[in-house]
Number of protein chains: 2
Amino acid sequence: MDLIDVFKALSNKTRLNILQWLKDPEKHFPKQGAHLPKEVSYKGGVCVGDIQEKSQASQSTVSHYLNMMQKAGLLESVRYGQWTYYRRNEEFIRQVAEYLRTEI
Amino acid sequence: MDLIDVFKALSNKTRLNILQWLKDPEKHFPKQGAHLPKEVSYKGGVCVGDIQEKSQASQSTVSHYLNMMQKAGLLESVRYGQWTYYRRNEEFIRQVAEYLRTEI
DNA sequence: ATTATATATCGTTATTTTTCGATATGTCAA
DNA sequence: TTGACATATCGAAAAATAACGATATATAAT
């Protein structure tokens, strides 16, 4: 776990928002899931386009953010056809919190 | 609590090191405390010069780092004469960890 | 008062990050 | 197989951060 990359990924309002939105996708992306049955899409996360729309940043910026967060370990992604769904890596986030609590 | 500033302050190896060194000053700054009685200096934290020496960054950089971490809330400082002692703000750090665990 | 020491601040340059538009790639539908 | 759409990647410009030496400020010692 490269903590520096994790904290860098968290050092941005939009990225922090995305992470928190993904905590409750039904709430923050109510109209998503047109592409796939609800069970699948919510379990799989939220697609880039929906996140981009909500975040008000450009498509390339959001794609870059998501990739950065995934590399840091905070997110994971699944591809369904032409869509990439991003969701939180809860276990990793838990570990970061625990590390911060005990080692920092 | 401005989380962004907290995470920015944590996004640097040297600053992270400093925070961890200050968790156990006796261990990481064994020869410090020449200026003041041990009880006082350890309770009050570690002076800038000792931190600077250990961190191998320039004096101005370390001073800047410490100020940044203090502004973020992670550190607090006390001045004894010409020395400024920095120590961890444990309560704040605990709150950050708790916030990360539950809200992020 | 002068000098020495510790820390803070200033000004500058180098580096990194941010952010975007343009373009490439990959997938689906007609 | 062509066209439409979703996402990723590229390249560049702007903005922010990092890091230093020089200098200022504050305190202490002579």
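- Distance from the side chain of B:Ser60 is smallest for D:dC20 among the nucleotides D:dC20, C:dA6, D:dT9.
- A:Tyr80 has its OH atom 13 Å from the P atom of C:dC28, to the nearest Å.
- A:Thr84 comes within 4.0 angstrom of the backbone, heavy atoms only, and of no base.
- Contact annotation: side chain of A:Gln59 to base of D:dA6, donor-acceptor pair absent below 3.5 Å.
- A donor N or O paired with an acceptor N or O is not found under 3.5 Å between the base of C:dT7 and the side-chain atoms of B:Gln82.
- Counting heavy atoms from C-beta on, the side chains of A:Trp83 and A:Val48 never come closer than 4.5 Å.
- Computed from coordinates, the A:Trp83 CH2 to C:dC28 P distance equals 8 Å when rounded to whole Å.
- Closest to the B:Tyr86 side chain, of the nucleotides C:dA8, D:dT7, D:dT9, is C:dA8.
- Across all strands shown, B:Gln52 has no heavy atoms under 4.0 Å from either base or sugar-phosphate atoms.
- Proximity note for A:Ser58 (side chain, C-beta onward) versus D:dA8, C:dA8, C:dC20: the nearest is C:dC20.
- For the pair A:Gln56 and B:Val48, both in contact range of DNA chain C, the more 5′-proximal nearest nucleotide belongs to B:Val48.
- To the nearest angstrom, P of D:dA6 lies 11 Å from CD of A:Glu53.
- Between B:His28 and B:Trp21, the ring planes are tilted. Angles from 30° to 60° get that label.
- One atom, NZ of B:Lys8, and another, P of D:dT17, lie 4 Å apart when rounded to the nearest Å.
- Counted within 6.0 Å of NZ on B:Lys23, heavy atoms from surrounding residues, nucleotides or ligands total more than 12; the atom is thus considered enclosed.
- Side chain of B:Gln20 to backbone of A:Glu103: a donor-acceptor contact under 3.5 angstrom is found.
- OP1 or OP2 of C:dT18 lies within a sub-4.0 Å distance of a side-chain N or O belonging to A:Arg15.
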Open item on the list: For a side chain to side chain donor-acceptor pair (under 3.5 Å) check, start with the C-alpha distance between A:Ser11 and B:Ser11, then their side-chain angles and the critical distance, and finish with the verdict.
Closed with: CA-CA 8 Å; A:Ser11 299; B:Ser11 298; 3.1 Å; yes
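- For the pair A:Asn12 CG and D:dA16 P, the interatomic distance rounds to 12 Å; values are reported in whole Å.
- The nearest whole Å value for the distance from the CE atom in A:Met68 to the C1' atom in C:dT16 is 11 Å.
- Going from atom CE of A:Met69 over to atom P of C:dT17 covers 16 Å, rounded to whole Å.
- Looking at the side chain of B:Thr61, the nearest of the listed nucleotides D:dA16, D:dC20, D:dC10 is D:dC20.
- Put simply, CZ on A:Phe7 is 21 Å from P on C:dT16, counting in whole angstrom units.
- Here A:His64 lies in heavy-atom contact (under 4.0 Å) with a base.
- In the set D:dT7, D:dT9, C:dT9, the nucleotide with an atom closest to the side chain of A:Asn67 is D:dT9.
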